[in-house]
Amino acid sequence: MEFTATADETVPVLIVGGGGAGLTASMLLSRQGVEHLLVSARPGTSDLPKAHVLNQRSMEVLEDAGVAEAIAELSTPADQMSATAFYAGFAGPDADYGRRLLRLEAWGAGGDDEFWRAASPCRQLNLPQIRLEPLMKARADELSPGRIRFNHELIALAQNDGGVRARVRDNGSGREYTVDSEYLIGADGGRRIAGLIGVEYEGLGVVTQTATLHVSADFSRWAKDPDVLIRWIYSPQAGVLVVMVPMGPTRWGPESEEWVIHLNYPVGTAESDAQVEADARSALGIGGHPLRIHKITRWSVEAVLASKFKVGRVFLLGDAAHRHPPTGGLGLTSAIHDAQNLCWKLTAVLNGAASPALLETYEAERRPVDQRNCQRSLENAVNHFAIGGELGVSPENSPERNLELLRRVFSEEPQDADLRATARRMMRAQSMEFSELNVEYGYAYESAAVVGDGTPAPEPIDDVRVYEPSTRPGSPLPHAWIDDEDGNRRPIKDLVAPGRFLLIAGEDGEAWCEAARELAADAGIPLDALRIGHLDGDLYDPRLAWTRQRQIGRDGAVLVRPDRHVAWRSLAAADDPREALTGALSQILAQAIAAPVPTAGASA
């Protein structure tokens with residue numbers, strides 16, 4: 001496609017894809033004042049439940065976008081997503097069918113876990129994509145009226161040093177038109193854009209093949225434990241692991257009107273829908289129990305990662321950049337964080353506050369995190385199958401033999417003690433999936449957009465489960481509740497305005513704040529500054545949570561990026577705070593920030 005004629009439309013950013021990544025990018029760009037256009041080949045939002053768990057950091061981003069409250073209204077109630085559990089079958093002819101093998105607290109125990117509350121003002125929520133995406137699309141439409149176009153498909157693109165040209169087809173009318181943009185966000189799930197820009201996918205591993213049934217049914221007579229969200233069922237009848245998750249929409253837990261049921265098959269298996277339904281009924285032991293099937297889908301439990309996240313002026317986000325098994329709920333949440341990372345950088349570049357070189361840090365920061373998340377998702381999935389292997393449950397066994405093997409987990413016989421201890425330990429180890437707070441919160445970025453201070457990376461107590469807040473550059477801003485003079489309380493994250501940096505100084509750090517305000521005025525940097533202390537400051541730290549975590553002195557300062565990652569810090573005062581800030585921001589924004597011109601007659 002040639003740049004030989006004027007395009008039909010011109011826009012700073014074109015977003016291709018209307019799923020979680022694309023809609024998040026649209027909402028964030030709107031909140032930061034960046035004009036854009038979103039096109040999606042799909043006629044509407046997702047018709048699959050798919051991803052449903054939204055971790056705390058994702059909810060913070062969605063709160064930035066102004067859609068978190070609407071999500072919370074429809075989400076699973078906290079007391080019905082505080083646990084997960086393993087079971088010996090679901091229904092069957094023996095009283096031990098459906099017996100619980102082990103219960104695990106999950107996702108911060110529905111908000112009761114003090115460490116999760118200390119990490120964020122937001123609670124982890126649960127809402128399937130069939131109900132999440134319409135809320136996101138409605139908010140994107142509200143923020144950018146007429147610029148969210150579903151059933152409009154990108155069919156070709158070309159780019160040069162000046163921008164990207166896309167050819168788009170309106171699938172409703174058949175009309176084709178061209179769009180010129182300075183940058184293009186590829187959030188199409190890997191369907192087309194990656195191939196058009198020459199990006200390949202690296203497979204990190206395939207575990208199994210899964211068929212998923214989305215059904216309406218009343219399972220309340222068998223589904224006990226109202227606090228359990230995800231049920232891991234080792235089926236005596238089928239000798240395989242079956243996963244069940246309630247989908248609401250108005251009732252949850254055992255009373256849920258809708259469910260998804262995941263069945264695993266050997267790779268390469270191609271069963272008909274009728275056979276999948278029959279297999280599900282048999283594996284769950286529900287016989288002819290009434291159920292209405294909405295849809296049956298098939299997918300591989302695998303992880304793939306794009307070889308590049310950026311080619312020229314085109315960026316890949318979400319499933320276009322990485323695809324995960326659902327174990328751990330890291331796919332959609334990673335996509336949301338991709339959008340958060342990229343959008344503030346695009347805003348800074350388009351507004352002239354940063355050089356385009358800043359955009360090189362998107363891949364440098366996000367790809368290692370997404371790769372780790374892919375690997376963690378695989379490990380979570382593999383461990384579930386390892387549990388089944390330890391139990392000895394197999395399709396080769398009779399249902400009676402499988403149930404006999406499962407009974408050893410709750411047997412009090414001495415000969416079963418070792419197996420019982422080993423199996424329950426393996427189940428408890430799935431806290432690596434359901435209590436992965438350090439995976440979700442503890443990662444730190446390393447790139448040119450972070451100014452290191454020479455301090456060593458901490459050795460984690462537990463790399464997966466234990467999040468230790470820090471202001472070491474690259475880390476997420478620790479959570480604390482902050483008061484103004486009148487006692488009005490808000491989370492510290494809300495002090496970071498959309499698209500703007502924030503300098504947080506200690507009680508005695510007024511020199512840092514003065515330097516920041518001068519720099520913002522003289523160089524046009526989107527930078528705010530304030531002091532926080534327990535007794536003194538512009539704002540106050542009533543519980544000393546910030547004081548405990550800030551890791552700077554009373555005269556030090558922390559510079560926070562618009563995505564709320566720490567960009568730079570000074571543990572104490574500096575001889576020339578303006579010079580120190582100018583140097584740090586020049587590196588972060590990838591362009592020299594001019595020093596002020598001395599006024600005539602100024603004293604030496």
Is the side chain of [X] donor-acceptor paired with the backbone N or O of [Y] at a distance under 3.5 Å, no angle test?
X: T24; Y: G20; result: yes
X: N402; Y: P236; result: yes
X: D188; Y: I193; result: yes
X: N380; Y: R376; result: yes
X: E257; Y: A217; result: no
X: R251; Y: E255; result: yes
X: R139; Y: A65; result: yes

Please work out whether the ring planes of [X] and [Y] are parallel, tilted or perpendicular, with thresholds of 30° and 60°.
X: W232; Y: H384; result: parallel
X: W107; Y: F434; result: perpendicular
X: Y445; Y: Y443; result: tilted
X: F309; Y: Y362; result: tilted
X: H324; Y: H322; result: perpendicular
X: Y234; Y: F86; result: parallel

Presence of salt bridge, [Y] and [X], under 4.0 angstrom:
X: E404; Y: R407; value: no
X: E63; Y: K493; value: yes
X: R408; Y: E413; value: no
X: K137; Y: D141; value: yes
X: R292; Y: E258; value: no
X: D47; Y: K295; value: yes
X: D227; Y: R103; value: yes
X: R372; Y: D463; value: yes
X: E133; Y: R42; value: yes
X: R367; Y: D338; value: no
X: R366; Y: D370; value: yes

The single option from [options] passing side chain to side chain contact (heavy atoms under 4.5 Å, CB included) against [X]:
X: H262; options: V243, I230, V242; value: V243
X: L263; options: L213, L284, T210; value: L213
X: Y87; options: K224, R99, R231, M244; value: R231

Determine the minimum heavy-atom distance between [X] and [Y], stating which atoms define it.
X: S216; Y: H294; value: OG-NE2, 2.6 Å
X: R323; Y: D319; value: NH1-O, 3.1 Å
X: A321; Y: L316; value: CB-O, 3.7 Å

Q: Could you tell me whether the side chain of F219 reaches within less than 4.5 Å of the side chain of P254, counting heavy atoms only?
A: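 Counting from C-beta outward, P254 and F219 never come under 4.5 Å.
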Q | Non-hydrogen side-chain atoms of I71 and M59 separated by less than 4.5 Å | A |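 Of all side-chain heavy-atom pairs linking M59 with I71, at least one is under 4.5 Å.
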Q. Does NZ or CZ of R424 fall inside the cone over F410's six-membered ring, less than 6.0 Å from its centre and within 45° of the axis?
A.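 Because its charged atom misses either the 6.0 Å distance or the 45° angle limit, R424 does not stack over F410.
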Q: Report yes or no: is the cationic atom of R57 (NZ for Lys, CZ for Arg) under 6.0 Å from the centre of the six-membered ring of Y441, at an angle within 45° of the ring normal?
A: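 So R57 does make the cation-pi contact.
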**Q.** Any side-chain donor near an acceptor of the partner, S58 and N55, under 3.5 Å
**A.**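 Yes, side-chain donor-acceptor contact under 3.5 Å.
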Q: For residues W116 and H479, establish whether the separation of their ring centroids is below 6.0 Å.
A: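 Between H479 and W116, which both carry aromatic rings, the centre distance is not below 6.0 Å.
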Q) With a cut-off of 6.0 Å (strictly less than), are more than 12 heavy atoms of other residues, nucleotides or ligands near CZ of R425? A)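 For R425, atom CZ is not crowded (no more than 12 foreign heavy atoms under 6.0 Å).
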Q. Hey, is CD on E114 packed in by over 12 heavy atoms from elsewhere, all under 6.0 Å?
A.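 Yes - once you tally the heavy atoms of other residues, nucleotides and ligands closer than 6.0 Å, there are more than 12.
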(Q) Quick one, N383 with E379, criterion side chain to side chain donor-acceptor pair (under 3.5 Å). Give me CA distance, side-chain angles, the key distance, then yes/no. (A) CA-CA 6 Å; N383 203 52; E379 291 167 1; over 6 Å; no
